[in-house]
There are 2 protein chains.
Amino acid sequence: MVNQVPRGDGSWQSCKSDSSGASNSGGESSKESSRCSTPVLDADRSDRLRDKMRRRTESGDRWFSLEFFPPRTASGAVNLISRFDRMGSGGPLFIDITWHPAGDPGSDKETSSMMIASTAVNYCGLESILHLTCCNQTNVKITGHLTKAKHLGLKNIMALRGGYPTGHPEAESYEEDLRRLKEKVDAGADFVITQLFFRADTFLKFLDDCRAIGITCPILPGIFPIQGYQSLRQLVKLSKLEVPEEITSVIEPIKDNDAAIRNYGIQQAVEMCRVLLDSGMVPGLHFYTLNREVATMEVLRQLGLWIEDPRRPLPWAVSAHPKRKVEDVRPIFWASRPKSYIYRTQDWDDFPNGRWGHSSSPAFGELNDYYLFYLKSKSSKDALLQMWGEELMNEDSVYQVFTCYITGKPNHKGHKVICLPWNDEPLAPETNLLKDELEKVNRRGVLTINSQPNINGKPSTDPVVGWGPAGGYVFQKAYLEFFTSSENVNALLKVLKKYEPRVNYHIVNVHGRNLTNAPDMQPNAVTWGIFPGREIVQPTVVDPDSFMYWKDEAFALWIEQWAKLYEDESPSRMIIKYIHDNYFLVNLVDNDFPLENCLWQVINDMFELLDAPLEPLNDGTVSE
Amino acid sequence: MVNQVPRGDGSWQSCKSDSSGASNSGGESSKESSRCSTPVLDADRSDRLRDKMRRRTESGDRWFSLEFFPPRTASGAVNLISRFDRMGSGGPLFIDITWHPAGDPGSDKETSSMMIASTAVNYCGLESILHLTCCNQTNVKITGHLTKAKHLGLKNIMALRGGYPTGHPEAESYEEDLRRLKEKVDAGADFVITQLFFRADTFLKFLDDCRAIGITCPILPGIFPIQGYQSLRQLVKLSKLEVPEEITSVIEPIKDNDAAIRNYGIQQAVEMCRVLLDSGMVPGLHFYTLNREVATMEVLRQLGLWIEDPRRPLPWAVSAHPKRKVEDVRPIFWASRPKSYIYRTQDWDDFPNGRWGHSSSPAFGELNDYYLFYLKSKSSKDALLQMWGEELMNEDSVYQVFTCYITGKPNHKGHKVICLPWNDEPLAPETNLLKDELEKVNRRGVLTINSQPNINGKPSTDPVVGWGPAGGYVFQKAYLEFFTSSENVNALLKVLKKYEPRVNYHIVNVHGRNLTNAPDMQPNAVTWGIFPGREIVQPTVVDPDSFMYWKDEAFALWIEQWAKLYEDESPSRMIIKYIHDNYFLVNLVDNDFPLENCLWQVINDMFELLDAPLEPLNDGTVSE
């Protein structure tokens with residue numbers, strides 16, 4: 001669960017010393033639409049950050065936010081994005097990304113402040129603030145950064161510097177510093193976040209002084225849980241802060257014991273936060289995470305602010321891009337690759353884009369998404385080879401890889417298979433509901449890459465399958481998607497005749513040969529919800545047209561992510577290439593959601609037909 | 001069930017003599033749309049008539065069509081429209097309306113050919129053909145008629161004259177007549193309908209001769225079931241046809257026995273139709289109904305072609321206007337007044353019209369729909385007074401009218417109440433499911449005008465509540481709409497607090513004072529269906545914005561249809577006026593569709609609160 005960023009990245013401090021100031025969250029007019037199923041499940045989805053903050057504050061609901069700095073290396077970026085996904089689950093009101101002048105912060109580099117913030121908004125669905133400073137920048141450059149940020153969906157800018165609760169070290173005086181802050185607020189800032197501090201009194205006095213000179217907007221305390229001796233020393237040096245005697249006296253004696261210092265840091269932060277919250281003057285807390293998870297999450301847990309709410313507004317994570325906030329339906333195919341779907345549809349003006357396959361609508365983005373940086377596997381090539389086999393003997397070796405992924409059991413070399421090219425994460429909790437059946441079929445070459453069980457009206461608050469507002473009911477049709485051999489497909493097609501019209505299927509090979517019984521190529525809704533006082537929501541569909549785009553991606557992953565692990569012309573690569581060239585991608589929907597899922601029976605019937613020594617005779621018996 | 005048109009309307013024959021020829025069904029390009037819930041439930045909905053005919057023919061599925069002539073009087077028109085609704089239930093492929101030169105056929109009169117055909121298409125949802133002849137008309141006039149027809153949604157024109165299977169009486173020769181027919185077909189006709197005939201051989205020979213000279217389109221036999229001695233004589237005189245000896249010899253002896261002649265006519269028509277169908281050359285039969293129901297329906301029943309399919313593509317009747325064919329969602333409020341809804345939304349370009357209340361969309365048509373001719377009650381003023389009371393004593397007299405309507409029992413003067421201003425038809429079958437509860441509450445002044453039970457996934461083929469394609473499931477939230485006094489509303493509002501958020505309500509009086517707990521004024525879907533291979537369909541919603549349009553109409557009906565039956569200033573009129581001015585219109589939705597409907601409990605709780613001698617004390621007991 002916890003994944004620390006590598007130590008020794010000292011570059012953050014120069015940013016951190018600037019990481020305070022005032023933020024302005026820009027508005028965005030909501031698009032007019034006559035589309036039918038855009039019920040606003042969550043009023044938050046269309047609100048500005050300052051409005052969300054006001055509503056949370058008014059309701060007495062305490063909240064928190066998290067600050068990160070851009071990573072220095074590409075692998076650091078991949079890790080940070082994973083961290084966003086994990087820390088996002090605790091429910092931050094927003095995150096912010098520091099502006100790192102040394103890291104080409106406004107560039108298109110994967111590690112730039114701009115790109116990291118854009119990824120948080122677009123791909124991780126987190127309300128995000130991009131820091132920006134005017135230091136050493138021209139007017140033209142700053143305008144360029146702002147235009148670019150807006151285009152990327154970044155509506156919130158933290159305008160640095162300022163916000164030191166004891167006065168900025170370079171300020172003429174504390175009073176002069178406050179006067180400057182008032183000017184920034186008068187110029188339109190929505191709220192203020194302070195630099196870190198070590199005593200609750202420091203902040204509360206600052207807050208009083210701000211109110212006294214007429215700063216009325218929210219002022220959020222910046223909380224820094226001490227996480228280690230060296231990092232604390234480095235930070236105070238760069239930010240020119242002084243660590244109070246009561247803290248140094250505790251940590252100096254234990255300075256070589258990392259765990260002890262961290263425990264102290266957590267305890268110290270929790271106590272200070274309690275004083276702040278108990279004052280009644282502090283509606284939320286802003287955390288300087290140093291890109292780490294453990295300490296901040298522990299502080300938040302002890303404060304009762306870390307709430308992993310299993311409720312989701314939709315079954316998939318909603319992007320925070322202003323343009324995409326109204327998005328309410330996606331094809332099921334990208335369920336395990338949502339970032340790829342967002343990437344390939346980033347140029348769309350409307351969601352869904354006129355029934356996906358509509359001739360007049362812009363198509364899906366080019367299939368270069370195995371180059372999409374943030375989809376890079378978190379595992380190294382060596383780790384992938386250990387999981388997926390240094391050397392493949394035959395197709396059966398591949399079946400075993402899939403089976404190990406499903407069961408969670410180690411392969412014959414003792415390595416667990418924790419990801420597949422189509423699934424970079426362990427199985428979703430609801431897939432676990434299907435584990436036994438999935439194991440059985442994968443063993444025999446029905447290589448499943450996506451599935452969901454049928455659900456006939458579970459409460460929308462169900463911790464595993466629920467989504468949407470409370471008081472509703474969610475439904476699903478059973479879905480199964482897999483690669484399998486053409487021999488299997490031939491048997492399957494015979495079997496499927498028995499299941500008309502209960503089961504809909506789409507069967508396609510890499511060349512696009514497409515077999516289907518879908519009526520008029522219409523989308524089939526496979527996940528929907530019924531809620532009090534709202535229209536029906538159908539967030540997931542099996543769409544025949546977009547399946548053709550997905551097909552290209554799903555087949556390409558065999559080559560790009562698996563075959564290329566092996567030498568050219570090597571037997572292992574040839575085996576994967578053979579599967580890529582000859583297998584079919586199949587999806588099945590059981591439309592009869594109130595009955596027991598029949599898709600396993602379909603696969604069993606297929607196996608039985610294949611196992612029969614000869615074709616069944618007309619009278620139904622099998623000849624010996 | 002059966003409602004004969006008054007006899008003595010001799011005007012039809014002159015039309016009838018022309019009522020054959022060739023038809024062209026024009027195409028209509030389907031509108032592009034990115035709306036979410038426009039699944040094509042029925043491929044027929046967007047097809048041209050000739051394509052529907054071809055598909056039915058190819059599937060070996062025999063069909064029929066019905067011909068009507070325009071009525072002479074306004075009350076005849078009201079009756080004919082009812083007949084369209086009844087005869088439409090047997091499943092005609094289309095109906096056609098003759099061109100009646102003496103009746104100002106292209107005018108806007110309620111009795112004109114043009115208006116009757118338009119009503120059939122727009123308000124009865126019947127695929128319709130308008131007859132048109134060039135006789136005695138200028139080019140400009142004909143172009144005007146065609147332009148008007150197109151605007152009204154009439155895509156199909158029957159171009160007269162011609163089509164006599166024995167040759168037109170005024171034709172130079174049989175051969176010359178056939179050659180003319182070939183010319184018309186070559187000019188673009190989709191199919192041919194013949195004049196009536198008395199022997200199957202007559203038609204089959206004509207068919208052979210047509211095929212021989214290269215007429216390849218469908219040729220439909222015009223079937224005329226003999227319904228009476230006089231009408232037969234008149235018809236043959238006008239159409240210059242000869243009745244064969246084998247028929248005259250039978251009917252001359254029984255010419256004064258209407259029933260005997262009609263029975264003979266039915267038997268004769270059935271036998272002839274059997275020969276035609278058995279020939280394998282005739283895919284469908286066209287009936288000259290003479291605007292009567294009994295004989296044609298009986299012939300069709302005996303042939304097995306009259307199929308009252310309880311399956312509906314949607315819960316409400318889909319309009320046949322090309323522009324409205326994509327319509328798939330309506331507010332529930334007009335459930336008993338669909339013609340009024342169609343009328344008030346006839347100028348819309350899109351359905352639904354951008355979420356009904358959208359500021360930029362054209363509003364509902366003016367509330368002058370109590371003048372809408374075809375909504376005129378089928379009952380006379382005297383009949384209405386007998387049903388609703390010659391003289392009202394008090395509000396309770398009104399409650400009794402509602403109660404009698406619900407129960408079907410006669411009022412104290414012995415008259416059954418078969419309609420109310422808001423319901424011109426007896427209760428729908430599914431409302432019967434709620435009869436006992438409805439009676440109870442109406443007795444006490446909860447004056448219900450619309451309701452539906454909750455349904456948790458019944459098969460789409462269910463004969464009472466089913467709709468949409470087979471293999472699906474339909475759902476409903478319980479709905480109840482009623483007028484009630486402000487005293488009741490005060491108690492109701494207290495009670496409703498207990499039912500948050502399970503029950504949504506909208507409560508409004510004639511002045512527009514509006515109380516609601518609907519979130520963000522979003523529509524609430526109250527009827528939806530899940531079907532194999534399709535998106536979710538949600539054809540009925542409770543829409544807060546359109547409720548304000550409905551409110552005006554619902555209140556106006558008290559005055560326009562009820563109060564005005566009485567003298568100005570009369571006590572009876574004052575009682576209705578009092579209700580109009582002081583009562584509230586309430587709608588309630590129970591969102592928890594899988595549980596037992598709680599709306600009756602809500603009303604009971606309201607009555608209990610009203611019945612309590614004093615307000616309940618805090619401890620829950622009631623003081624004596």
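Since this is a predicted model, take the numbers as computed values, not measurements. Chain naming here is simple, since letters A, B, ... match the order of the sequence lines and numbering starts at 1 in each. Side chains are part of it too, since the values below use all heavy atoms of this structure and drop only hydrogens, waters and symmetry mates.
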Chemist: What option among N456(A), D590(A), I530(A) has the most heavy-atom pairs under 4.5 Å with chain B?
Modeler: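 So the answer, after comparing N456(A), D590(A), I530(A), is I530(A).
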Chemist: Which region of N524(B), side chain (C-beta onward) or backbone (N, CA, C, O), has a non-hydrogen atom less than 4.5 Å from a non-hydrogen atom of chain A, or is it both or neither?
Modeler: both
Chemist: Are any side-chain N or O atoms of E535(B) and backbone N or O atoms of P523(A), one a donor and one an acceptor, separated by less than 3.5 Å?
Modeler: no
Chemist: For each of V526(B), N591(B), N504(B), tally heavy-atom pairs with chain A at distances under 4.5 Å, and name the one with the top tally.
Modeler: N591(B)
Chemist: Mind checking whether Y473(B) and F475(A) have ring centres under 6.0 Å apart?
Modeler: no
Chemist: Taking all non-hydrogen atoms of both residues, which atom of Q522(A) and which atom of R534(B) are closest, and how far apart?
Modeler: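 That closest heavy-atom pairing would be NE2-NH1, 2.8 Å.
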Chemist: Heavy-atom pairs under 4.5 Å with chain A: which of P519(B), G533(B), A525(B) has the most?
Modeler: G533(B)
Chemist: Using a cut-off of under 4.5 Å for heavy-atom pairs, which of D592(B), V589(B), N517(B) has the most such pairs with chain A?
Modeler: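 Ranked by contacts with chain A, first place is D592(B).
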Chemist: For E58(B), is the CD atom crowded, meaning more than 12 foreign heavy atoms sit under 6.0 Å from it?
Modeler: yes
